[in-house]
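The figures here come from the full heavy-atom set of this structure, side chains too, leaving out hydrogens, waters and symmetry mates. Quick caveat: nothing in here was measured; it's all calculated off a predicted structure. Numbers for residues simply follow the sequence, beginning at 1.
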Amino acid sequence: MTQDELKRQAAIKAVEFVPDNEYIGIGTGSTVNHFIRALGESGKTVKGAVSTSRQSSELMAQYGIPEIHPNEVSSLPVYIDGADEINHLLQMIKGGGGAHLSEKIVANLAQKFICIADESKYVSRLGKFPLPVEVVPMARSMVSRELVKLGGRPELRIGVKTLNGNEIVDVHGLDFSQPMAMETRLNNILGVVENGLFAHRPADVLLLAAKDGVKMLTAQP
Ligand code: 5RP
């Protein structure tokens, strides 16, 4: 089975967790694209969805899923999104698609964050995948120097602008042995808008697709 087929299996399973006639949150990425298609084809009715990227909004529109703005809701029963890496506490590195700022906002509106992923994303230690950090363009060099002081190797994602007109720096080699402390520390650097470490707001449920089926995991202390 290919990695993409595993992503699709996790996405199909997630449709079972979508409540009828409610607003939901929808993340970004190829696994989420499978989810949007599966939801659209399921016959299930949602009142609408908060989207985290243009790409997801466009696909939602193709499947007739109405979009609402995050400011129109105070809470969402579920948020469905993928991850670049996820550990046993369901803490994640996200932002491979550069949408981690809006993803973190919508995740924090959600009562339940359901992460959908293929088995390659489940890691014993976060950090092989470089951490995406959204930065204000005029502070890019200043932020990069601070990231080096923290032990990281920052690399500008060339030609990429976020929805908010910012840039993304992918940071290799950071130490994530204390993920919550690192998430806070990075966001305290002047010029950082948001980083892709989801330690303070981990997922609540992981639907992890492997060759022998989709497993439902919760945090394993
Ligand atoms: C986008 C994300 C995605 O969830 C993450 O990159 C996983 O993507 P994919 O489902 O394509 O493997 O965080 O910002």
### Message
Test side-chain hydrogen bond (donor to acceptor under 3.5 Å, both in side chains) on T2 and D4; report intermediate values, then the result.
### Response
CA-CA 5 Å; T2 62; D4 192 57; 5.5 Å; no

### Query
Going by heavy atoms in the side chains, are V193 and N164 under 4.5 Å from each other?
no

### Query
Does any non-hydrogen side-chain atom of D175 lie less than 4.5 Å from one of R125?
yes

### Query
Does any non-hydrogen side-chain atom of H88 lie less than 4.5 Å from one of S124?
no

### Query
Would you say the side chain of Q3 lies within less than 4.5 Å of the side chain of S120, judging by non-hydrogen atoms?
yes

### Closest approach of M60 to P66 (non-hydrogen atoms, all atoms of both residues)
CE-O, 4.2 Å

### Task
Please collect all ring pair (Phe, Tyr, Trp, His ring centres under 6.0 Å) contacts where either partner lies in residues 28-64, sequence neighbours excluded, each pair once.
none

### Message
Between E103 and R201 (salt bridge meaning N to carboxylate O under 4.0 Å), is one present in this structure?
### Response
no

### Query
What's the shortest heavy-atom distance between Q111 and D204, and which atoms?
O-OD2, 3.5 Å

## Note on the structure
Separation between CD1 (I36) and CD1 (I80), nearest 0.5 Å, reads 11.0 Å

### Task
For M1, look at atom CE and say whether over 12 heavy atoms of other residues, nucleotides or ligands are found less than 6.0 Å away.
yes

Enumerate donor-acceptor pairs with a distance under 3.5 Å from any side-chain N or O in residues 212-221 to protein atoms, sequence neighbours excluded.
from, atom 1, to, atom 2, distance (Å)
Q220, NE2, T218, O, 3.0

### Task
Quick one: do S56 and S53 satisfy side-chain hydrogen bond (donor to acceptor under 3.5 Å, both in side chains)? Show the steps, please.
CA-CA 5 Å; S56 294; S53 63; 3.2 Å; yes

### Query
So does Q178 have more than 12 non-hydrogen atoms from other groups sitting under 6.0 Å from CD?
no

Under 3.5 Å, sequence neighbours excluded: what are the donor-acceptor pairs made by side chains of residues 16-24?
from, atom 1, to, atom 2, distance (Å)
E16, OE1, K13, NZ, 3.1
E16, OE2, K13, NZ, 3.4

### Task
Output yes when D170 and R157 qualify as a salt bridge under the 4.0 Å nitrogen-oxygen rule, no when they do not.
yes

### Approximate separation, where rounding is to 0.5 Å, of L6 CG and K211 NZ
6.5 Å

### Summary
Here the pair of heavy atoms bringing T52 nearest to V106 is CG2-CG2, 3.7 Å

### Verdict with supporting geometry, H100 and T28, side-chain hydrogen bond (donor to acceptor under 3.5 Å, both in side chains)
CA-CA 9 Å; H100 58 275; T28 295; over 6 Å; no

### Query
Does the pair Q62 and E58 meet the rule for a side-chain hydrogen bond (donor to acceptor under 3.5 Å, both in side chains), with working shown?
CA-CA 6 Å; Q62 280 179 36; E58 281 166 15; over 6 Å; no

### Student check: side-chain heavy atoms of P132 and N195 closer than 4.5 Å
no

### Query
Apart from V192 itself, which Ile, Leu, Val, Met, Phe, Trp or Tyr residues share its cluster (side-chain heavy atoms under 4.5 Å, direct or through members)?
I93, V123, L126, F129, L131, V133, V135, V143, L147, L150, L156, I158, V169, V171, L174, F176, M182, L186, I189, L197

### Query
Using links of under 4.5 Å between side-chain heavy atoms of ILVMFWY residues, direct or through other members, which residues join L190 in one cluster?
M142

### Message
Using every non-hydrogen atom in the two residues, find where A117 and L206 come nearest and quote the distance to one decimal.
### Response
CB-CD1, 4.2 Å

#### Entry: 4.5 Å side-chain heavy-atom contact, K161 and E167
yes

#### Entry: Members sharing V160's hydrophobic cluster (side chains within less than 4.5 Å)
I168

### Query
Do the non-hydrogen side-chain atoms of C115 and M92 ever get within less than 4.5 Å of each other?
yes

